[in-house]
Amino acid sequence: MQTVLEDKIDEFQDRKIADRNRDKRTKDIPGWGMDADPENDPTYPMKHWNGADHERLNYEKAPQQRIDIEVLHSVERPGVTRVFGNSSPPSGLSGAIRRYAYQYSEATATHWMTLILADRINAIEGKITDLAHGILPNPWIERGWRAEWKYNRPAFIQKAATTALLITAGFMVMKRKNKHKSV
Amino acid sequence: MLAMNFRGARQIRLDRHKPEPEIKHPYDAIVRVTRSLICGSDLHLYHGRVPDTRVGMTFGHEFTGVVEAVGSGVQKLKVGDHVLVPFNVACGTCPHCKQELYGNCNESNPQATAVGGFFGYAHTGGGYDGGQAEYVRVPYADVSPTVIPKGMDLENAVLLTDVVPTGYQAAEQGGIQKGDTVVVFGAGPVGLMAARFAWFFGATRVIVIDHVDYRLEFARKFAFAEAYNFREMRDPVLFLKKATDYFGADVCIDAVGCDGTGSALQTITGKGLLLQAGDATALHWAINSVKKGGIVSIIGVYGPPWNLAPIGSLMNKGITLRANQASVKRLLPKLIDHIMSGRINPKEMITHRLPLEEVPDAYRMFSSKLDHIIKPLLIPPRANAA
């Protein structure tokens, strides 16, 4: 695989300029800071600018939450945040797809579209797990059809009838095709 | 415990046996939920539009509750405190939190750097289970959770966790000046609050655009706004130009986000083919309806990776685009004062009060806008336990 600039971040071409700026020698640059105006920040007044942005390496951090489950993290950050949610760790096929997605940055469609794919597969996995535990799907409750029946009955009946009609028509077309094939 | 349990797009179950949350970090608290709301942005999760929404997760980022346990490092919050819990999970010490951008915390969401940590908002929001349950784990308990002021109605308190500050920030981001004409796209709870607060900043004309008549009627009463149905227009942008002397609004607020409607192209590419993150019609209209040099404030939620928006007009018209997740903790003192002094009474927006057990119905009603619903409130069975 071809080495790209982000793989050798410690030796990138303008490191000297970056180091000089980090050492606060920017004051050597003519005109540095003379037109600075915190109120010209487009986030003002929502952000109370106090220079903390420039303490990005040295800010006070909470203790690290024990990582006792698999936590995927964005490649755009160095590691897991000090605190994280412990809901639904990745598992199964969808988990494998999520692990692949997290190899790509948040700027890529691969990252997000792969996660959407994992979500859809995860929903199917959920149904399989339910069946394995003897839990049958209950769309009347879980999809809120009960609420539709109570508050939106004519539209609900119309929708259900249209769906039933389309399914029946689909079956009939399939049946006719199969009949022609067997002849 | 009882908890809402996501099973896939448009499918929700009431889980009766979800394990109760535990202290996982010295700064954690466990809160017994007393009131919980469903947010318009929960519908993006419900509709399957937010990536990394995993089966088994519990949603809910607007809740109040009683502190039942605290971690060894928690110093301010005590067991028994009745708190409102802002939807932002915020550490309080990172550069963003220190500058009061609590919605952009750097230490609460490992999964996405573009998103802060939020309760019950997919793994894209940090993977935290949310408040549509009997108990919740609340990290960084000393930072954002706030003891409910004496005398404050619990329903107003729970609205302070998101919808009120989010609506306020939508107006604040607009940089509204005295005499401004403000257009708010979307008459959902956040849009209603944004329209209501536009007056606080000195607007002299507030226009709300939506397609649901009962919500427009509510906007007229609750937000004192002109309210128009875009289904009765051929071109909402042209309508707004004509309504503002062919000048455009001073400020446009997009309080819709990715679940918009009104443009076939946006709907097909966004909701049908998933070629963009939902339907960005409201943003398109906002950019086109604002005056040259005007401000567009985005408070509606859009998902990654992108949306169709007229960037050329943004540049050519010299528009300032401002957007962020609300920084609830920053705004709380001001908004608590507005409520306690009676200037606003946001609980008027709560139209439906349902037991937590009916959470699947509540989502469907909110999603399909049944029974003239504006804002549904969930009450867990142990809400009043001693």
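As the structure is a prediction and not an experimental result, all values here were calculated from the model. The chains referred to below are lettered A, B, ... by the order of the sequence lines, with proteins before strands, and numbering in each begins at 1.
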What part of [X] gets closer than 4.5 Å to chain A, counting heavy atoms only: side chain, backbone, both or neither?
{"X": "B:Y27", "answer": "side chain"}
{"X": "B:R322", "answer": "side chain"}
{"X": "B:A277", "answer": "neither"}
{"X": "B:N109", "answer": "backbone"}
{"X": "B:E107", "answer": "both"}
{"X": "B:F119", "answer": "neither"}
{"X": "B:N324", "answer": "neither"}
{"X": "B:L321", "answer": "neither"}
{"X": "B:R330", "answer": "side chain"}
{"X": "B:F6", "answer": "neither"}
{"X": "B:C91", "answer": "neither"}
{"X": "B:T113", "answer": "both"}
{"X": "B:T124", "answer": "side chain"}
{"X": "B:V359", "answer": "neither"}

| said: Taking every non-hydrogen pair under 4.5 Å, which of A:E142, A:H48, A:R77, A:H73 racks up the most with chain B? | reply: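 Of A:E142, A:H48, A:R77, A:H73, A:E142 has the most heavy-atom pairs under 4.5 Å with chain B.
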Atom [atom1] of [X]: over 12 foreign heavy atoms under 6.0 Å:
{"X": "A:E70", "atom1": "CD", "answer": "yes"}
{"X": "A:Q64", "atom1": "CD", "answer": "yes"}
{"X": "B:K271", "atom1": "NZ", "answer": "yes"}
{"X": "A:R153", "atom1": "CZ", "answer": "yes"}
{"X": "B:E20", "atom1": "CD", "answer": "yes"}
{"X": "B:K334", "atom1": "NZ", "answer": "no"}

| Where B:D142 and B:Q75 come nearest, the two heavy atoms and their spacing |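 Answer, listing the atom of B:D142 first, then B:Q75: OD2-N, 2.6 Å.
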| message | For a quick test of reading the model, state the closest non-hydrogen atom pair linking A:S88 to B:G56 and the distance between them. | response |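 Looking at all heavy atoms of both residues, the closest pair is OG-C, 3.7 Å.
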Chain B heavy atoms under 4.5 Å from [X]: which part of the residue, side chain, backbone, both or neither?
{"X": "A:A62", "value": "both"}
{"X": "A:F84", "value": "both"}
{"X": "A:R82", "value": "both"}
{"X": "A:E106", "value": "side chain"}
{"X": "A:E125", "value": "neither"}
{"X": "A:P139", "value": "neither"}
{"X": "A:I135", "value": "side chain"}

Quick check on the interface: out of [options], who has the most heavy-atom pairs with chain A under 4.5 Å?
{"options": "B:S108, B:P139, B:P305", "value": "B:S108"}
{"options": "B:G120, B:A9, B:G48", "value": "B:G48"}
{"options": "B:I12, B:N5, B:D371, B:D52", "value": "B:D52"}
{"options": "B:G8, B:G127, B:A323, B:S327", "value": "B:G127"}

| field | CD on B:Q111 to CZ on A:R98, rounded to 0.5 Å | value |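 With rounding to 0.5 Å, CZ (A:R98) is 10.0 Å from CD (B:Q111).
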I want to check something: taking the side chain as every heavy atom from C-beta on, are [X] and [Y] in contact at a cut-off of under 4.5 Å?
{"X": "A:P90", "Y": "B:R54", "result": "yes"}
{"X": "B:Y363", "Y": "B:D42", "result": "yes"}
{"X": "A:D68", "Y": "B:K24", "result": "yes"}

| said: Ring of A:W145, cation from A:R143 - is the NZ or CZ under 6.0 Å from the centre and inside 45° of the axis? | reply: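 Geometry flag: not set, cation outside 6.0 Å or 45°.
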| message | Is the terminal nitrogen or CZ of A:K61 (NZ for Lys, CZ for Arg) located under 6.0 angstrom from the six-membered ring centre of A:Y59 and within 45° of that ring's axis? | response |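 Geometry flag: set, cation within 6.0 Å and 45°.
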| field | Between A:S105 and A:H111: side-chain donor-acceptor atoms closer than 3.5 Å | value |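 On atom types as modelled, these side chains do not qualify, holding no pair under 3.5 Å.
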